[in-house]
K.L.:
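After the structure tokens below, expect a handful of questions from me.
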Amino acid sequence: MPYELSPETAERPRSAYRWTTDITAPRTAHVGQTITVKAHGGDDSAGFLHQLCLEEKGFGQGWHQENCSAAVEGDARVTAHGTSARRGDLQFRAVLYGLTSPHDQNPVRLHASDVVMVHVR
């Protein structure tokens with residue numbers, strides 16, 4: 001479902017929009033140690049509520065969601081805690097979605113963070 005821009009955002013050039021999607025995670029962790037990944041993000045060009053999800057990839061699996069924030073106006077924040085039962089590399093990224101309502105079943109992917117790697121030893 002397309003969204004409508006307000007007159008304020010419709011007049012701004014695309015280069016004037018501000019968006020952020022940042023993620024932090026430890027570089028290394030030990031097997032069985034708790035790994036905490038935090039992210040925050042927002043987009044002032046969207047006429048949306050924002051939801052931020054943390055995704056993980058590792059051990060031959062594809063990307064899958066670990067945790068998502070609630071749908072909020074403005075910047076969203078999310079934290080995930082987990083442990084790894086084996087050695088190897090885990091990758092994490094944060095993905096920012098735009099929603100037209102808190103219960104939107106078809107969110108729009110707005111931005112993704114850079115991928116961060118956690119080496120489990």
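Atoms considered below: every heavy atom in the structure, side chains included; atoms not considered: hydrogens, waters and symmetry mates.
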K.L.:
P26 and V118: which non-hydrogen atoms are nearest, and at how many Å?
P.N.:
O-CG2, 3.0 Å

K.L.:
Would V72 end up clustered with L96 when hydrophobic side chains under 4.5 Å apart are linked, directly or stepwise?
P.N.:
no

K.L.:
A side-chain contact here means heavy atoms from C-beta on lying under 4.5 Å apart; do L54 and I23 qualify?
P.N.:
yes

K.L.:
Closest heavy-atom contact between S84 and L90?
P.N.:
CB-CD1, 4.2 Å

K.L.:
How close do G41 and L52 get, heavy atom to heavy atom, and via which atoms?
P.N.:
N-CD2, 3.6 Å

K.L.:
What's in the same ILVMFWY side-chain cluster as W63, cut-off under 4.5 Å, chained through other members?
P.N.:
V115

K.L.:
Tell me which pairs pass disulfide bond (SG atoms under 2.5 Å apart) where either residue lies in residues 90-121, with sequence neighbours left out.
P.N.:
none

K.L.:
For residues I35 and A29, report the shortest heavy-atom separation together with the two atoms involved.
P.N.:
CG1-CB, 3.8 Å

K.L.:
Among side-chain atoms of H50 and D43, is any donor-acceptor pair under 3.5 angstrom?
P.N.:
no

K.L.:
Can you see which heavy atom on G88 is nearest to which on F59, and at what distance?
P.N.:
CA-CE2, 3.8 Å

K.L.:
Among pairs that include at least one residue of residues 106-121, which meet salt bridge (charged side-chain N to carboxylate O under 4.0 Å, His left out), considering only residues two or more places apart or in two chains?
P.N.:
none

K.L.:
So, using side-chain hydrogen bond (donor to acceptor under 3.5 Å, both in side chains) as the criterion, who are the partners of Q91 when residues are at least two apart?
P.N.:
none

K.L.:
For V95, what are the other residues in its hydrophobic cluster, where any two members join if their side-chain heavy atoms are less than 4.5 angstrom apart?
P.N.:
L49, Y97, L99

K.L.:
Please evaluate residues V120 and V31 with respect to the criterion side chain to side chain contact (heavy atoms under 4.5 Å, CB included), reporting the C-alpha separation (whole Å), side-chain torsions for both, the decisive distance (0.1 Å), and the verdict.
P.N.:
CA-CA 6 Å; V120 180; V31 171; 3.9 Å; yes

K.L.:
With sequence neighbours excluded, give me every salt bridge (charged side-chain N to carboxylate O under 4.0 Å, His left out) pair touching residues 78-100.
P.N.:
E55-R93

K.L.:
Can you check whether A94's main-chain N or O pairs, donor with acceptor, with S113's side chain at less than 3.5 Å?
P.N.:
yes

K.L.:
How would you list all residue pairs meeting side-chain hydrogen bond (donor to acceptor under 3.5 Å, both in side chains) that involve residues 30-40, not counting sequence neighbours?
P.N.:
D22-H40, T36-H81

K.L.:
Only counting residues at least two apart or in another chain, list the ones meeting side-chain hydrogen bond (donor to acceptor under 3.5 Å, both in side chains) with D104.
P.N.:
T100

K.L.:
Listing request: all salt bridge (charged side-chain N to carboxylate O under 4.0 Å, His left out) pairs with a residue in residues 57-78, at least two apart in sequence or in separate chains.
P.N.:
none

K.L.:
Taking C-beta and beyond as the side chain, do E56 and H64 meet within less than 4.5 Å on heavy atoms?
P.N.:
yes

K.L.:
Count the heavy atoms of every other residue, nucleotide or ligand shown that sit under 6.0 Å from NE2 of H103, and state whether that count exceeds 12.
P.N.:
no

K.L.:
Which pairs, with at least one residue in residues 52-92 and sequence neighbours excluded, count as a disulfide bond (SG atoms under 2.5 Å apart)?
P.N.:
C53-C68

K.L.:
D44 vs W19, test: side chain to side chain contact (heavy atoms under 4.5 Å, CB included). Steps then yes/no.
P.N.:
CA-CA 6 Å; D44 70 355; W19 64 271; 6.0 Å; no

